[in-house]
Amino acid sequence: MGYRIVVVGATGNVGREMLNILAEREFPVDEMAVLASRKSLGTEVSFGDKTLKTQDLATFDFSGWDIALFAVGSGPTKEFAPKAAAAGCVVIDNSSLYRYDPDVPLIVPEVNPQAIEGYSRKNIIANPNCSTAQMVVALKPLHDRARIKRVVVSTYQSVSGAGKEGMDELWDQTKGMYVPGQEVEPKKFQKQIAFNVIPHIDDFMDDGSTKEEWKMVAETKKIIDKSIKVTATCVRVPVFVGHSEAINIEFEDFLDEDEARDILRESPGVMVVDKRETGGYVTPVECVGDFATFISRIRQDSTIENGLNLWCVSDNLRKGAALNAVQIAELLGNRILQKG
Ligand SMILES: NC(=O)c1ccc[n+]([C@@H]2O[C@H](COP(=O)([O-])OP(=O)(O)OC[C@H]3O[C@@H](n4cnc5c(N)ncnc54)[C@H](OP(=O)(O)O)[C@@H]3O)[C@@H](O)[C@H]2O)c1
């Protein structure tokens with residue numbers, strides 16, 4: 001006996017990837033429902049070798065369904081996730097709505113799987129922000145060895161992190177640069193994204209940081225350890241898929257770069273590619289479609305007592321969203337629901 005699964009936002013970037021990953025990882029599915037907005041009613045999406053027709057989230061009855069993987073943004077999530085949860089269906093949510101709720105576990109299965117026990121308080125589990133997910137996979141094993149005091153991170157985030165519209169804008173604007181009269185004005189992004197970088201993701205906050213930067217701070221504390229200080233600068237770059245991060249870490253104890261490399265090689269979800277030669281590191285185009293978080297450029301930071309630098313790359317639609325959500329579903333299945 002397997003699970004009755006609902007994918008909410010099945011026509012979107014993350015929803016489609018969740019369907020791919022559920023099929024790839026042979027998640028024990030008895031029945032699958034795919035939902036989106038009313039305008040997508042009847043739209044076909046693929047699940048393994050099956051084609052499914054999209055239903056309307058607004059009229060769907062979640063009773064009798066085991067797990068709903070939500071990827072629709074905070075607005076519709078606020079309206080429909082509590083309804084699904086009240087109907088007895090466990091919600092795994094990709095939006096930021098519940099991430100900071102003390103009654104909702106925020107989980108990266110390689111890092112804090114034990115937090116799953118708290119799911120029953122609201123029947124909702126939160127998936128972290130894409131930039132946080134890949135970073136904490138790298139930080140946790142190093143924290144366990146040498147206690148992290150402070151992290152300084154700069155991100156290079158792909159346009160797929162802004163959904164289908166973000167990808168379309170980069171594509172159309174890039175083509176438009178070469179065709180007089182077909183220039184595309186910024187709409188999804190704040191400034192031109194083609195051949196440019198934009199140090200602004202999500203809204204500005206009172207202290208001058210952006211909400212995206214604040215998310216990395218708050219989520220790292222909730223997932224690993226509230227004593228870790230994080231300062232972030234989040235930047236959108238003209239890459240379709242794959243987020244990159246330059247991470248500087250200050251530890252309580254000394255951690256040698258070779259030992260850090262060995263620790264990361266043994267860590268779940270991490271792939272170390274770190275040859276000190278041309279091409280001996282991973283770039284975002286190489287991580288697309290992969291499950292791993294790739295770590296390169298591991299080196300001592302000689303300007304502080306106990307410091308390391310590293311480069312971290314992952315497929316934001318996978319580890320940053322869909323894969324992590326499916327891993328949470330696997331964890332829930334194995335530890336709690338125990339079907340299949
Ligand atoms: N992309 C990432 O890297 C990433 C990472 C972490 C978390 N997330 C989060 O995941 C969620 C989805 O992101 P995405 O990149 O997949 O966005 P997307 O490509 O724009 O897709 C949005 C999906 O939500 C559906 N939707 C929107 N409004 C709806 C409504 N009122 N009722 C029902 N369905 C509705 C859309 O259906 P229609 O096609 O019918 O409009 C579509 O299926 C967001 O909360 C995002 O913040 C994304």
Side-chain angles (χ1 to χ4, degrees), residues 6-21 33-46 52-60 62 68-81 83-84 91-99 106-108 124-136 155-171 187-189 201-203 211-212 215-216 219 234 236-237 239-245 284 287-289 293 313-328:
V6 190
V7 170
V8 187
T11 54
N13 275 344
V14 175
R16 284 180 193 271
E17 205 60 39
M18 290 197 296
L19 289 163
N20 291 338
I21 293 171
V34 289
L35 314 183
S37 73
R38 190 160 300 147
K39 79 170 161 52
S40 301
L41 190 68
T43 301
E44 292 186 340
V45 293
S46 301
L52 305 175
K53 280 197 170 34
T54 309
Q55 304 178 55
D56 181 7
L57 169 62
T59 55
F60 188 77
F62 285 89
L69 298 154
F70 268 67
V72 287
S74 295
T77 302
K78 192 171 185 176
E79 186 174 355
F80 296 104
K83 288 184 183 166
V91 171
I92 300 173
D93 179 34
N94 274 282
S95 81
S96 58
L97 188 69
Y98 292 102
R99 288 181 195 154
L106 176 66
I107 299 180
V108 174
I124 298 174
I125 302 165
N127 210 33
N129 176 260
C130 39
S131 305
T132 311
Q134 68 184 69
M135 183 170 79
V136 296
T155 70
Y156 307 73
Q157 297 182 219
S158 68
V159 294
S160 57
K164 292 179 289 192
E165 291 171 7
M167 298 180 85
D168 290 345
E169 188 156 310
L170 174 60
W171 178 248
K187 191 170 153 214
K188 183 76 184 172
F189 299 111
I201 303 178
D202 210 331
D203 298 334
K211 189 87 191 290
E212 186 81 354
K215 286 175 198 167
M216 293 191 79
E219 293 177 23
C234 293
R236 189 73 70 194
V237 297
V239 167
F240 282 104
V241 178
H243 286 2
S244 308
E245 297 172 346
C287 78
V288 176
T293 292
V313 177
S314 197
D315 182 329
N316 54 295
L317 299 178
R318 292 204 155 209
K319 188 60 200 165
L323 169 63
N324 199 70
V326 172
Q327 287 177 299
I328 294 173

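Excluded from the calculations below are hydrogen atoms, water molecules and symmetry mates; all remaining heavy atoms, backbone and side chain alike, are included. Both ligands and their constituent atoms are indexed starting at 1 by order of listing.
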Identify the closest protein heavy atom to atom 21 (O) of ligand 1: which residue and atom is it, and at what distance? Gly12 CA, 3.2 Å
Any side-chain heavy atom of Thr155 sitting closer than 4.5 Å to one from His243? no
Pairing of Asp203 and Lys211 as salt bridge, 4.0 angstrom limit: no
Going by the order shown, which atoms of ligand 1 are within less than 4.0 Å of some heavy atom of Lys39? 38 (P), 39 (O), 40 (O), 41 (O)
Could you check atom 15 (O) of ligand 1 against the protein and tell me its nearest heavy-atom contact, residue, atom and distance included? Gly163 CA, 3.3 Å
Side-chain heavy-atom pair Val34, Gln55 within 4.5 angstrom cut-off: no
Leu57 heavy atoms, cut-off 4.0 Å: which ligand 1 atoms fall inside? 32 (N), 33 (C)
Could you pull out, from Ser40, Ala10, Gly9, Gly161, the option with a heavy atom nearest to atom 38 (P) of ligand 1? Ser40
Please list, in number order, the atoms of ligand 1 under 4.0 Å from a heavy atom of Cys130. 5 (C)
Under 4.0 Å from a heavy atom of Leu317: which atoms of ligand 1 are those, numbered in the order shown and with their elements? 1 (N), 2 (C), 3 (O)
Could you tell me whether Glu169 and Lys188 have a side-chain N and a carboxylate O separated by less than 4.0 Å? no
For a 4.5 angstrom cut-off between non-hydrogen side-chain atoms, does Leu57 reach Phe62? yes
Could you tell me whether the side chain of Tyr156 reaches within less than 4.5 Å of the side chain of Val239, counting heavy atoms only? no
What pairs with Phe80 under ring pair (Phe, Tyr, Trp, His ring centres under 6.0 Å), at least two apart in sequence or on another chain? none
Taking atom 20 (O) of ligand 1 as the reference point, the nearest protein heavy atom with its distance: Lys164 N, 3.7 Å
Listed by chain and number, what are the salt bridge (charged side-chain N to carboxylate O under 4.0 Å, His left out) partners of Lys215, not counting sequence neighbours? Asp202, Glu212
Provide the number and element of each atom of ligand 1 under 4.0 Å from a heavy atom of Gly320. 5 (C), 6 (C)
For atom 42 (C) of ligand 1, the protein heavy atom that lies nearest, with its residue and separation: Thr11 OG1, 3.4 Å
Would you say that Asn316 contacts Gln157 through its side chain, given a criterion of any heavy-atom pair below 4.5 Å between the two side chains? no
Regarding Glu219 and Thr132, is there a side-chain donor-to-acceptor distance under 3.5 Å anywhere? yes
Closest approach of any protein heavy atom to atom 3 (O) of ligand 1, naming residue and atom: Asn316 ND2, 3.1 Å
Students should be able to answer this: which protein heavy-atom is nearest to atom 48 (C) of ligand 1, and at what distance? Val14 CG2, 3.6 Å
Ignoring hydrogens, just give me the one of Asn94, Leu97, Val8 whose non-hydrogen atom is nearest atom 10 (O) of ligand 1. Asn94
Report the member of Val159, Asn324, Val72 with the shortest heavy-atom distance to atom 35 (C) of ligand 1. Val72
What about Asn13: any of its N or O atoms under 3.5 Å from an N or O on ligand 1? yes
Between Arg38 and ligand 1, which part of the residue brings a heavy atom under 4.0 Å of the ligand: side chain, backbone, both or neither? neither
Nearest non-hydrogen contact with atom 23 (C) of ligand 1 belongs to which option: Ala325, Ser158, Ala71, Gly73? Ala71
Select one of side chain, backbone, both or neither to describe which atoms of Ala36 lie under 4.0 Å from any atom of ligand 1, heavy atoms only. both
Taking atom types as modelled, is there a side-chain donor on Ser160 or Asn13 under 3.5 Å from an acceptor on the other? no
Show which atoms of ligand 1 fall inside a sub-4.0 Å distance from at least one heavy-atom site of Pro76. 28 (N), 29 (C), 30 (C), 31 (N)
Taking C-beta and beyond as the side chain, do Thr77 and Tyr98 meet within less than 4.5 Å on heavy atoms? yes
Contact check, side chains of Trp171 and Val159, non-hydrogen atoms, under 4.5 Å: no
Can you confirm whether something in the protein, heavy atoms only, sits under 4.0 Å from atom 46 (C) of ligand 1? no
What residue and atom, counting heavy atoms only, is the protein's closest point to atom 34 (N) of ligand 1, and at what distance? Ser37 N, 3.2 Å
Taking atom 1 (N) of ligand 1 as the reference point, the nearest protein heavy atom with its distance: Ser160 O, 3.0 Å
